[in-house]
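In what follows, residues are counted from 1 in the order of the sequence shown.
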Amino acid sequence: MLLLRAVAGRRLPPLTQLPRGCSRLAAGSATPEGQPGATPGGQPGATPEGQPGATPGGQPGATPGGHRGAAPVLAALLGIGAVLAYGERQRRSAQAAQAPPSPPYPRYTRAEVAQHRTPRDRVWVTYGTDVFDVTEFVELHPGGPDKILLAAGGALEPFWALYAVHSQPHVLELLRDYKVGELSPEDAAVTPGDTADPFAGDPPRHPALRVNSSKPFNAEPPPELLTQSFLTPNELFFTRNHLPVPSVEPGSYRLRVEVPGGRALSLSLAELRRRFPKHEVTATLQCAGNRRSEMSRERPVKGLDWGIGAISTARWGGARLRDVLLAAGFGEKSGATEDWHVCFEGLDTDATGTPYGASIPLKRALSGEAEVLLAYEMNGQELPRDHGFPVRALVPGVVGARSVKWLRSVVVSPSESPSHWQQNDYKGFCPSVDWDSVDFRSAPAIQELPVQSAITEPRPGAAVPAGELTVKGYAWSGGGREVIRVDVSLDGGRTWREAALGPRPERGRGWAWALWELRAAAPAGTRLEIVCKAVDSSYNVQPDSVGGIWNLRGVLSNAWHRVGVTVTP
């Protein structure tokens with residue numbers, strides 16, 4: 001609607017519903033293999049394996065057998081937005097041609113650009129060394145204002161690189177009309193990093209990520225992008241680092257595998273790929289602290305203030321851990337090792353040289369149904385550095401803390417990992433336990449996580465238009481328990497209706513989340529308290545409030561998720 005309003009200074013009533021329909025198709029249409037996603041540029045697409053349709057090179061994909069009519073309609077709607085925006089550009093260009101020559105552009109630093117992040121303060125972005133004030137274009141953006149605002153105060157390149165739709169001449173022509181300045185030469189130059197900083201070698205990250213800590217780096221994707229596709233793009237996958245990211249030379253990498261009896265196996269990356277059949281599994285990883293911010297509002301807790309985005313889904317590829325242990329000489333029928341563990345250590349270390357470590361029960365590692373991997377691929381690409389390059393453990397259905405990244409050793413042991421993160425963290429306690437009375441030895445380490453769901457759209461506090469309201473979110477449960485239902489309430493939990501679950505690439509074992517959607521009438525002038533709760537295949541359901549599950553570390557936060565919105569006339 002806002003796109004049409006800006007063109008020729010008048011509304012076009014017959015088309016006022018088109019932008020809403022366009023947004024719905026981009027974010028909600030699905031194919032049997034996966035769910036296409038909308039991007040900061042608004043370009044949908046999915047690959048045959050259900051992967052999101054944009055790659056680091058920005059090439060969107062198409063899914064055979066999906067909604068054949070959706071892509072042409074969406075393209076037509078986006079085309080309408082582009083044509084109308086281009087018409088606005090032509091009008092502005094004509095006015096500029098009649099104006100006297102402009103003086104040289106002023107110079108700005110990146111810090112000055114970063115001060116312009118909202119329509120109130122003006123929305124500025126950079127492309128190359130140019131600075132643009134795109135405030136007037138925010139509501140014209142065919143992908144929706146929320147998407148373009150993700151780049152506010154920063155560079156467009158990281159977003160444009162993801163989606164090829166921007167690499168067209170008319171898009172650059174549109175942008176040039178909004179130029180207001182140039183970056184100062186000093187600020188545009190690359191600043192050398194501080195080599196004394198242990199985090200100086202960390203990889204670059206996508207600016208859309210919402211950072212909870214920079215050193216070590218921990219960040220989550222914004223909710224409006226989290227459920228735009230069934231598989232989370234690698235660049236937007238939540239990042240949980242405990243220590244600096246190690247720099248690993250793949251040619252010299254060795255993974256040491258130790259089993260009882262003094263037997264061991266040393267594998268290069270090439271040997272791991274060549275000697276063992278590649279197995280692929282689509283699995284969701286969730287941090288134990290996902291939604292911790294809601295617990296901290298109940299009572300203070302210690303830990304990163306995660307929102308609802310410390311969860312993501314990918315298609316993982318690698319060698320089965322079971323195959324590697326057997327190749328190392330482990331006898332799987334040995335009764336003496338029934339209650340043993342598999343301990344993982346990473347190449348990431350603290351200042352004393354102590355690595356990150358964790359462990360899982362040996363019976364899970366040996367189970368063919370558990371599908372535990374030594375993964376070296378993520379969404380069809382080699383693992384990104386932030387996500388464990390060159391090899392990580394991938395334990396489906398288990399808290400993300402056990403899927404150790406940058407693996408250097410795998411050891412079969414009669415005891416759990418002695419690591420701090422196995423023994424003195426990632427455990428749940430009674431709400432009455434405080435830091436004066438806590439005994440971490442008294443509680444088992446978290447392995448499988450409870451059933452979980454959250455609302456990603458609309459956002460808390462949003463003003464939504466009257467008419468049909470679309471509510472979206474995700475749901476997942478640990479241990480491979482498939483989500484069978486998501487209930488949604490618009491009145492705080494007094495009445496409920498069942499949401500529609502999106503298609504999932506693999507049925508029968510719920511390693512991956514379910515994306516869900518509900519459409520309902522939203523009367524003008526009302527305030528809605530939207531609530532969601534999920535039910536898994538064991539009929540586990542989420543608790544209604546945080547109070548009864550509060551714990552001093554703020555982990556296992558899975559109470560009903562609540563979002564309040566106002567419906568405008």
Side-chain angles (χ1 to χ4, degrees), residues 2 6 39-42 85 88-89 92-93 95-96 99-163 166-167 171-197 199-215 217-225 235-236 239 305 307 459 461:
L2 297 169
T39 70
E88 171 68 2
R89 186 259 171 195
R92 290 164 60 96
S93 296
Q95 292 177 344
S102 301
Y105 285 105
R107 299 287 178 86
Y108 298 103
T109 65
R110 291 193 184 276
E112 289 172 323
V113 174
Q115 295 175 4
H116 298 272
R117 294 180 177 272
T118 67
R120 180 177 179 179
D121 298 323
R122 309 296 295 178
V123 178
W124 286 15
V125 296
T126 65
Y127 186 76
T129 59
D130 294 332
V131 179
F132 305 91
D133 182 343
V134 296
T135 309
E136 296 177 15
F137 186 71
V138 167
E139 293 180 345
L140 299 177
H141 185 237
D146 291 344
K147 305 299 189 299
I148 195 171
L149 285 174
L150 292 172
L156 286 172
E157 284 91 340
F159 297 93
W160 282 22
L162 285 173
Y163 309 109
H166 296 101
S167 301
V171 177
L172 289 174
E173 290 178 20
L174 282 169
L175 187 62
R176 291 191 189 101
D177 286 334
Y178 295 94
K179 182 174 177 178
V180 294
E182 297 175 350
L183 286 173
S184 62
E186 299 81 6
D187 207 76
V190 177
T191 303
D194 180 6
T195 55
D197 181 355
F199 296 93
D202 274 17
R205 281 91 181 202
H206 199 282
L209 292 171
R210 297 185 174 180
V211 179
N212 289 317
S213 75
S214 57
K215 298 179 181 182
F217 187 79
N218 291 280
E220 58 190 297
E224 55 266 36
L225 295 184
E235 296 87 350
L236 299 179
T239 300
D305 198 37
R459 300 294 299 127

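- Remark: Asp305 engages no residue in a salt bridge (charged side-chain N to carboxylate O under 4.0 Å, His left out) (not counting sequence neighbours).
- In this structure, the side chains of Phe199 and Phe217 stay at 4.5 Å or more apart for every pair of heavy atoms.
- At least one donor-acceptor pair under 3.5 Å links the side chain of Glu157 to the backbone N or O of Gly128.
- At least one donor-acceptor pair closer than 3.5 Å links the side chain of Arg117 to the backbone N or O of Ala152.
- Applying the side-chain hydrogen bond (donor to acceptor under 3.5 Å, both in side chains) rule to Asp121 yields the partners Thr118; only residues at least two apart in sequence or on another chain are considered.
- Between Phe137 and Tyr178, the ring-plane angle classifies as tilted under the 30° and 60° cut-offs.
- Distance check, rounded to the nearest 0.5 Å: CG of Leu209 to CG of Leu150 gives 10.5 Å.
- Under the side-chain contact (heavy atoms from CB on, under 4.5 Å) criterion, Arg110 pairs with Thr126, Leu183, Asp187, not counting sequence neighbours.
- Side chains of His206 and Leu236 form a contact here, defined as non-hydrogen atoms less than 4.5 Å apart.
- Of the listed residues (Leu149, Val123, Val180, Asp177), just one forms a side chain to side chain contact (heavy atoms under 4.5 Å, CB included) with Val134, and that residue is Val123.
- The minimum heavy-atom distance linking Arg107 with Pro185 is given by the pair NH1-CD, 3.1 Å.
- Residues Ala208 and Leu225 come closest through the heavy atom pair CB-CD1, 4.3 Å.
- Evaluation of the side-chain contact (heavy atoms from CB on, under 4.5 Å) rule for Pro203 yields Arg205, Val245, Arg385, Asp386 as partners, not counting sequence neighbours.
- Residues Ala155 and Ala151 share a closest heavy-atom pair of O-CB, 4.1 Å.
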> Do Tyr105 and Val131 pass the side chain to side chain contact (heavy atoms under 4.5 Å, CB included) test, and can you show the C-alpha distance, the side-chain angles, and the key distance before you say yes or no?
Replying inline: CA-CA 9 Å; Tyr105 285 105; Val131 179; over 6 Å; no
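- Considering only residues two or more places apart in sequence or on other chains, Lys179 meets the salt bridge (charged side-chain N to carboxylate O under 4.0 Å, His left out) condition with Asp130, Glu182.
- In this view, Arg210 and Glu220, Pro222, Pro223, Glu224, Arg459 satisfy the side-chain contact (heavy atoms from CB on, under 4.5 Å) rule, not counting sequence neighbours.
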